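As structure tokens, the structure follows; a few thoughts come after it.
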There are 2 protein chains.
Amino acid sequence: MDAVRVVIAECQVDYGGRLTAHLPMARRLIVVKADGSVSVHADDRAYKPLNWMSPPCTTTITPAAQADLGATTADIDPRVREVWMIRSKSGDFLQISVGEIELDYTTELGIDPGLRKDGVEAHLQALLAENPATFGEGWSVVQREYMTAIGPVDLLCRDELGCYVAVEVKRRGEIDGVEQLTRYLDLMNRDPLLGEVRGVFAAQQIKPQARTLATDRGISCLVVDYDALRGLDHAEDRLF
Amino acid sequence: MDAVRVVIAECQVDYGGRLTAHLPMARRLIVVKADGSVSVHADDRAYKPLNWMSPPCTTTITPAAQADLGATTADIDPRVREVWMIRSKSGDFLQISVGEIELDYTTELGIDPGLRKDGVEAHLQALLAENPATFGEGWSVVQREYMTAIGPVDLLCRDELGCYVAVEVKRRGEIDGVEQLTRYLDLMNRDPLLGEVRGVFAAQQIKPQARTLATDRGISCLVVDYDALRGLDHAEDRLF
DNA sequence: ACGTCAATTTCGGGT
DNA sequence: ACCCGAAGTTGACGT
């Protein structure tokens, strides 16, 4: 069924799976997408639903009269007209007890052309790789995504003295990124071929605690101006 | 305006802010909530919209004819009937160029009674705090959320010999949790008042890599059975 | 399939 | 307001 269904109705919701959750009866927006996913929204909390079921999952709709026959645990709310049971393969379930329905609209949307993004971490890494002078005069990039046993280092560089430097690139520099770079440096500094490897933590923004931790570990911090870098990039495009 | 608005329409979307993104013209589901948030959905990707604007933000709707007057950069798609400009205070914007509208429905949902959850990390921590024998005979809990300079340790305990033990509680134990506990232990072991502090990593599930890293650092791992603990809890309720 | 890491993460709680 | 950590995180990518 390749369509979206939008429902506004009184409903009560019970979820069981990685946790259990309950929503008392109230009027809400229910969206069923072509992928089978179901989400239940209140009129706040931005785009996050109160409760949901991710695809793949299957929905079974039962009239309240029949659902009643199987109900042994508790009385069914008399307002309930039908029960939607949505199950995933992992055993999660979302039970929506639907009362009065105010809107029930189904339509086809077709395939979406998809989203084009610009400005994510990968672009920042690419721009830095093309402009190693951002780190300092005489710096060069040895390799992007330099593989180690525990994962890829974003940029492996050499400084003006030829010393290796591992660069961790983040859009927003937080403590996790420093931990990540620390793990790489610990490993790389056991490799005699590389000699002593220094670390640079490069991000558009660096949180104070991340900077403190980095400094404490002898890692340099570099705040990168994405727009300026992109400008450099465009300037080069014009020159050559 | 305390209401939800559900629109199904042809639209093109342009976002600028922390990154830039573009969606070509296609039929989509647009949801405007009472908090002012706007989200644009395709019929897949579960509950995540293709693009959105989080509250607080303000929406200005302009008929295409007028929007055209201000258009200097590019021709406006002739299918566009009105332009929604949604702006946040931080300068992010979401521009939705709306074409043919298939559905436009607005209604009040009222205040939602809200979601009740059970089984999150806080509950696991509370159950462990009430049942320190889970860690071992003769263990006691000194404090929950024991504050350190770099954040709160989930549980500070004493073992059967009276030695301090820092416990990190997770629903799912992964490498980040081990790093977190390691930072706490590094700090606490500099405090002469505590003496030597050991570490315990307690979770419902522990990933192999997390276990390996923990063991390597002298941190004990404990897999906790949430249901059994809850059972203990209920048993106690009945006994006293 | 699993592990790793990014995300316009979002969301809630504390200081 | 910022900072921190949890989340039913979700999602993409590589092994």
Side-chain angles (χ1 to χ4, degrees), chain A residues 13 15-21 37 39 44-55 57 88 90-94 115 117-125 145 147-154 168-172 174-177 179-180 183 203-205 207-210 212, chain B residues 13 15-21 37 39-40 44-55 57 86 88 90-94 114-115 117-125 145 147-154 168-172 174-177 179-181 183-184 203-204 207-210 212:
Chain A
V13 183
Y15 167 75
R18 281 168 276 193
L19 56 71
T20 58
S37 67
S39 45
D44 59 357
R45 296 179 179 230
Y47 67 73
K48 191 93 187 278
L50 289 163
N51 221 322
W52 71 93
M53 183 60 73
S54 302
C57 57
S88 75
S90 60
D92 290 26
F93 70 87
L94 188 70
L115 188 67
K117 290 184 184 182
D118 177 35
V120 293
E121 186 191 286
H123 300 133
L124 185 56
Q125 188 195 117
E145 303 286 350
M147 274 310 293
T148 72
I150 55 170
V153 176
D154 288 338
E168 179 68 32
V169 179
K170 293 282 182 218
R171 217 165 39 79
R172 297 184 328 193
E174 296 177 29
I175 218 159
D176 280 4
E179 296 284 15
Q180 201 178 330
R183 288 197 296 273
Q204 288 177 261
Q205 290 186 322
K207 294 275 182 81
Q209 311 90 306
T212 302
Chain B
V13 183
Y15 167 74
R18 281 167 277 191
L19 56 72
T20 59
S37 65
S39 45
V40 181
D44 60 355
R45 296 173 182 234
Y47 67 73
K48 190 90 187 281
L50 290 163
N51 218 323
W52 70 93
M53 182 61 71
S54 301
C57 58
I86 304 131
S88 74
S90 60
D92 290 26
F93 70 86
L94 188 70
L115 187 67
K117 289 184 183 182
D118 177 36
V120 294
E121 186 192 286
H123 300 131
L124 186 57
Q125 189 195 114
E145 303 287 350
M147 274 309 294
T148 72
I150 53 170
V153 176
D154 288 338
E168 179 68 32
V169 180
K170 293 279 182 222
R171 220 163 37 78
R172 296 184 326 194
E174 297 177 27
I175 219 159
D176 280 3
E179 297 284 13
Q180 199 178 331
L181 179 54
R183 288 198 297 273
Y184 293 140
Q204 288 177 261
K207 294 272 183 82
Q209 313 92 299
T212 303

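Labels below follow one simple rule: chain letters A, B, ... track the order of the sequence lines, proteins then strands, and each chain is numbered from 1. Nothing here was measured: the structure is a model prediction, and the numbers come from that model.
- Taking only side-chain nitrogens and oxygens, B/Tyr184 comes nearer than 4.0 Å to OP1 or OP2 of D/dG5.
- Residues B/Leu50 and B/Glu174 both approach DNA chain C. Their nearest nucleotides, taken by heavy-atom distance, put B/Glu174 toward the 5′ side.
- Rounded to an integer number of Å, the gap from B/Asp118 CG to D/dA6 P is 18 Å.
- A straight line from NZ of B/Lys207 to C1' of C/dG3 spans 7 Å, rounded to a whole angstrom.
- Residue A/His123 contributes atom NE2, which lies 13 Å from atom C1' of C/dA6 at whole-angstrom precision.
- Distances shown here put a side-chain N or O of A/Arg45 below 4.0 Å from the OP1 or OP2 atom of C/dG12.
- Looking at heavy-atom distances under 4.0 Å, B/Gln209 makes contact with sugar-phosphate atoms alone, never a base.
- What separates CE of A/Met147 from P of C/dT4 is a distance of 11 Å, to the nearest Å.
- With sequence neighbours left out, A/Glu179 forms a salt bridge (Lys or Arg N to Asp or Glu O under 4.0 Å) with A/Arg217, B/Arg183.
- Side-chain contact annotation: B/Gln204 with B/Lys170, donor-acceptor N/O pair under 3.5 Å absent.
- Although no hydrogens or angles enter the test, the distance criterion places a donor-acceptor pair under 3.5 Å between the side chain of B/Tyr184 and the main chain of B/Pro152.
- Looking at heavy-atom distances under 4.0 Å, A/Met53 makes contact with a base.
- Among C/dA7, C/dG3, D/dT10, the nucleotide with an atom closest to any side-chain atom of A/Glu121 is C/dA7.
- Distance from the side chain of A/Ala46 is smallest for C/dC11 among the nucleotides D/dG11, D/dA7, C/dC11.
- Rounded to whole Å, atom P of C/dA6 lies 15 Å from atom CD1 of A/Ile175.
- Here A/Pro208 lies in heavy-atom contact (under 4.0 Å) with sugar-phosphate atoms only.
- B/Ser54 comes within 4.0 angstrom of the backbone, heavy atoms only, and of no base.
- Between A/Lys48 and C/dC11 there is no side-chain N or O to OP1 or OP2 distance below 4.0 Å.
- Nucleotide C/dC5 holds its C1' atom 16 Å from the CG atom of A/Leu124, rounded to whole Å.
- When only modelled atom types and interatomic distance are considered, B/Gln209 and B/Glu174 share no side-chain donor-acceptor pair under 3.5 Å.
- Across all strands shown, A/Tyr47 has heavy atoms under 4.0 Å from sugar-phosphate atoms exclusively, and none from any base.
- With DNA chain C read from its 5' end, the first of the two nearest nucleotides for B/Pro55 and A/Ala122 is the one closest to A/Ala122.
- The separation between B/Arg172 atom CZ and C/dG3 atom C1' is 13 Å, rounded to whole Å.
- Between the C1' atom of D/dG11 and the CH2 atom of A/Trp52 lies a distance of 14 Å, rounded to the nearest Å.
- Note: A/Tyr47 and B/Trp52 have perpendicular aromatic rings, judged against thresholds of 30 and 60 degrees for the angle between ring planes.
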